[in-house]
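Any value given below was found using the heavy atoms of this structure, including those in side chains, with hydrogens, waters and symmetry copies removed. Reminder, nothing fancy here: chain letters follow the sequence lines and each chain counts from 1.
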Number of protein chains: 4
Amino acid sequence: MKLSNKKTLLKKEQILSAAIDIVKKRGFSGATMEEIAAELLMTKGSLYYYFKNKSDLMYQCHNFVLSQATEELEEILAKGGPVKEVLRKMIEKHIHYAIEEKETFNLIMEPKRYFNKEQLELVLKLRNYYEGLFDEIIQRGLKSGDFHAEDPAIARMIILGAMNWIQQWYRVDGRLSKEEIVRIYYDYIIKILE
Amino acid sequence: MKLSNKKTLLKKEQILSAAIDIVKKRGFSGATMEEIAAELLMTKGSLYYYFKNKSDLMYQCHNFVLSQATEELEEILAKGGPVKEVLRKMIEKHIHYAIEEKETFNLIMEPKRYFNKEQLELVLKLRNYYEGLFDEIIQRGLKSGDFHAEDPAIARMIILGAMNWIQQWYRVDGRLSKEEIVRIYYDYIIKILE
Amino acid sequence: MKLSNKKTLLKKEQILSAAIDIVKKRGFSGATMEEIAAELLMTKGSLYYYFKNKSDLMYQCHNFVLSQATEELEEILAKGGPVKEVLRKMIEKHIHYAIEEKETFNLIMEPKRYFNKEQLELVLKLRNYYEGLFDEIIQRGLKSGDFHAEDPAIARMIILGAMNWIQQWYRVDGRLSKEEIVRIYYDYIIKILE
Amino acid sequence: MKLSNKKTLLKKEQILSAAIDIVKKRGFSGATMEEIAAELLMTKGSLYYYFKNKSDLMYQCHNFVLSQATEELEEILAKGGPVKEVLRKMIEKHIHYAIEEKETFNLIMEPKRYFNKEQLELVLKLRNYYEGLFDEIIQRGLKSGDFHAEDPAIARMIILGAMNWIQQWYRVDGRLSKEEIVRIYYDYIIKILE
DNA sequence: AATGAATGAGGGTTCATTCAT
DNA sequence: GATGAATGAACCCTCATTCAT
């Protein structure tokens with residue numbers, strides 16, 4: 001199997017995309033190879049040509065989503081600007097994902113029970129990197145004097161946890177619009193960091 | 001089965017306790033009736049004498065832990081004292097559950113994936129009540145002038161989200177002990193509420 | 001266990017009655033010891049004091065119903081009268097059972113898969129006896145010259161089969177009333193026997 | 001699974017055939033997926049590649065046999081010939097099915113006990129159609145003057161009921177051979193219709 | 001006489017995985 | 001590259017049956 005083959009890589013991505021759709025709906029253990037294959041008009045067996053096993057496929061799904069989110073945050077950070085404004089954009093982006101991509105974003109919250117040791121290691125590395133982007137902006141703020149934090153790593157976790165929790169209670173027809181939520185969250189987060 | 005029978009109730013609790021142990025380790029869908037029974041030196045079938053089905057048992061696990069946590073928070077609230085001190089105790093308790101009871105207490109997991117309609121309704125009711133206890137202490141603080149909050153409901157959600165997220169990253173052998181985490185979280189939460 | 005004990009016999013009959021009710025609803029294999037016991041506000045285990053096992057209980061159910069029907073036919077036969085009139089009454093009675101006691105009567109039609117060899121033997125004997133009551137009236141008719149039949153045993157089976165089949169299509173609000181059905185069936189049966 | 005695939009269809013028929021054999025012996029609820037698979041030197045799980053579940057398989061067994069019988073009756077009717085001769089062939093065929101296919105063909109059993117709503121609807125439709133074929137030949141006889149019947153619909157039911165009942169008492173080693181039974185039944189049925 | 005409790009053998013069903021073609 | 005087909009382990013659940021109390 002030439003994995004370097006362009007066609008193969010394309011197909012892998014298609015499978016990933018379909019798998020992510022299914023995982024969004026059913027969760028990791030709820031997703032079946034059967035349903036994923038069906039979405040692609042393929043058969044179960046074919047998936048095993050591209051992925052070693054379900055665990056491998058699930059792992060790469062997780063990777064894919066996390067990487068995508070990572071890239072978007074990197075862009076925001078790269079663009080630069082006033083620290084608080086950059087943070088605001090990152091918050092907006094993260095909350096957007098948490099609300100609009102709800103289930104996809106849940107990927108990030110799924111337990112690591114499904115991955116083996118090496119996969120787990122890589123997953124943690126990626127997670128750390130993603131979370132590190134928030135550390136990055138916090139550090140900028142600390143240097144610029146905009147922020148103050150006793151334990152910046154914990155501050156970052158508090159912020160992430162708070163934002164991820166939104167998907168538990170957010171309703172499209174709720175009291176607050178997405179924009180208002182972002183604004184209020186931003187205000188509270190600033191309180192944490194000042 | 002006589003539900004009034006003390007022996008029966010005791011056994012039910014023993015089963016619940018064993019089930020909770022397994023769920024902690026394996027999660028709701030990873031836990032098997034077989035393993036739970038084995039833990040008690042019973043056979044699978046016997047469990048069905050006490051619980052209607054797996055879903056029922058799982059629900060009662062979640063319920064049990066959540067109810068217990070609820071009671072403990074109620075006690076803390078009932079005892080009264082300086083608002084911030086009461087809040088600190090509540091934070092301590094919640095973080096304890098999030099870390100030690102992990103999956104069973106897991107408020108992040110989407111209950112609709114594991115529970116049926118009636119169970120779901122009860123779980124959500126209980127969750128709401130539990131979360132309301134945090135509203136209660138926040139209100140006390142607002143009245144006493146200890147706290148200030150633009151949108152107290154959102155503040156409460158930020159606080160809960162932040163704490164629930166701990167179970168995603170906490171490691172027994174991590175940099176920080178549980179006590180230190182509690183202290184740092186308390187400090188940040190006070191910043192949010194002041 | 002003194003089976004001769006009057007109390008015991010009474011209890012046995014109560015159990016039988018409840019069991020028949022359940023079998024009516026669920027069929028032989030669908031009936032469970034649990035449900036039968038519940039109907040009597042007893043527990044499963046207690047049933048085994050009165051009946052060796054489920055097969056035994058089912059067998060006695062079958063016996064009970066069949067015996068009851070047998071008695072009623074015997075009465076009609078004993079009363080005597082013009083052959084055709086007696087036959088008409090028997091037909092009326094049998095059809096009444098088939099329609100009104102539908103499920104109970106179905107007991108008689110249930111397969112013998114559930115019974116062991118000795119039970120089977122006795123069941124067949126009882127069945128033969130019941131069916132023999134129709135042979136009896138046919139014989140009377142043959143002797144009196146009212147009837148003629150090449151193979152009376154087969155004639156009797158045709159008649160019984162035809163009547164038992166009614167419960168497959170009879171509807172309370174159907175085209176024909178019970179009385180009309182009895183009349184038409186009687187006419188056709190006479191055609192068979194003349 | 002490609003339903004158009006001939007091999008698949010063939011296999012489905014093989015499974016059906018084996019299932020029919022088992023159902024003949026054990027009845028619908030007595031038949032197990034295990035035993036059916038074993039008969040084919042397959043494993044339980046494989047059956048689910050071809051049939052959705054046991055209920056589906058059982059339904060198709062009944063359907064298959066009933067459809068086959070229907071086709072054969074249709075052929076006989078299509079071929080035409082003297083009314084009484086056609087009826088004789090139909091009786092022969094029906095009795096053959098009632099005896100040889102026993103449980104699978106079983107028209108006495110209440111389909112609602114084994115089939116779900118949609119299956120039930122289809123079964124009843126097919127049964128009605130099958131029974132209608134007997135109406136057809138009766139009508140021909142009425143037109144040709146061979147038969148006379150006060151209520152032809154009831155006559156048909158009497159005839160069918162009589163024949164279906166045979167499977168309750170027929171024994172391979174009984175007094176009468178299948179051929180003799182057919183002849184005697186034919187004679188009696190003619191008496192009903194003349 | 002009765003029961004609470006436990007058992008264990010099965011049955012239906014699902015699904016990741018394999019493999020010849 | 002892909003698939004049809006089969007597998008087998010695992011899981012949930014039911015239920016007749018047993019037995020100490």
Legend entry - Short side-chain N/O contact to E:dT17 OP1/OP2 from A:Tyr48, under 4.0 Å: yes
Legend entry - Of the listed nucleotides E:dA16, E:dG8, E:dG12, the one nearest the side chain of B:Thr43: E:dG8
Legend entry - Residue mapping more 5' on DNA chain F - nearest nucleotide basis, A:Met42 or C:Lys52: A:Met42
Legend entry - Contact under 4.0 Å: D:Lys11 side-chain N or O vs F:dA6 OP1/OP2: yes
Inset, instruction - Take atom CZ of D:Phe51 and atom P of E:dT13, then tell me their distance rounded to the nearest Å. - result: 13 Å
Legend entry - OP1 or OP2 of E:dA1 under 4.0 Å from side-chain N/O of C:Thr8: yes
Inset, instruction - Return the nearest nucleotide to the side chain of C:Thr32; candidates are E:dG8, F:dC11, F:dC15. - result: F:dC15
Inset, instruction - Select from C:Ser55 and B:Ser29 the residue whose nearest nucleotide in DNA chain F is closer to the 5' end of that strand. - result: B:Ser29
Legend entry - Inter-residue atom distance A:Thr8.OG1 - A:Tyr49.OH, 0.5 Å rounding: 5.5 Å
Inset, instruction - Could you state the atom-to-atom distance from CD of A:Glu34 to C1' of E:dT13 in whole Å? - result: 14 Å
Inset, instruction - Take atom CG of C:Leu57 and atom P of F:dA16, then tell me their distance rounded to the nearest Å. - result: 10 Å
Inset, instruction - Using a 4.0 Å heavy-atom cut-off across all strands, classify C:Ala37 as base, sugar-phosphate, or nothing. - result: nothing
Inset, instruction - If E:dA1 has a Watson-Crick or G-U wobble mate with both distances under 3.5 Å, name it; if not, just say none. - result: none
Inset, instruction - Let me know the distance between CZ of A:Phe28 and C1' of E:dA16, rounded to the nearest Å. - result: 16 Å
Legend entry - Interatomic distance, B:Lys12 NZ vs E:dA6 C1' [rounded to whole Å]: 17 Å
Inset, instruction - Send over the distance from D:Lys44 NZ to F:dG8 C1', rounded to a whole Å. - result: 10 Å
Inset, instruction - Using both distances under 3.5 Å as the test, list the Watson-Crick or G-U wobble partner of E:dT21, or none. - result: F:dA2
Inset, instruction - To the nearest Å, give me how far apart NZ (D:Lys54) and C1' (F:dT14) are. - result: 13 Å
Inset, instruction - Taking atom types as modelled, find out whether B:Tyr97 and B:Gln68 have a side-chain donor-acceptor pair closer than 3.5 angstrom. - result: yes
Inset, instruction - Taking the side chain as every heavy atom from C-beta outward, state whether D:Asn106 and D:Glu101 have any pair of such atoms under 4.5 Å apart. - result: no
Legend entry - 5' priority, DNA chain E, between D:Asn53 and C:Gly45 [closest heavy atom]: C:Gly45
Legend entry - Inter-residue atom distance D:Gln60.CD - D:Thr104.OG1, 0.5 Å rounding: 13.5 Å
Legend entry - Whole angstrom value for the distance that separates P of E:dT3 from CD1 of C:Ile15: 10 Å
Inset, instruction - Classify the angle between the aromatic ring planes of B:Phe28 and B:Phe115 as parallel (below 30°), tilted (30 to 60°) or perpendicular (above 60°). - result: perpendicular
Inset, instruction - State whether C:Ser46 places a side-chain N or O below 4.0 Å from either non-bridging phosphate oxygen (OP1 or OP2) of E:dT3. - result: yes
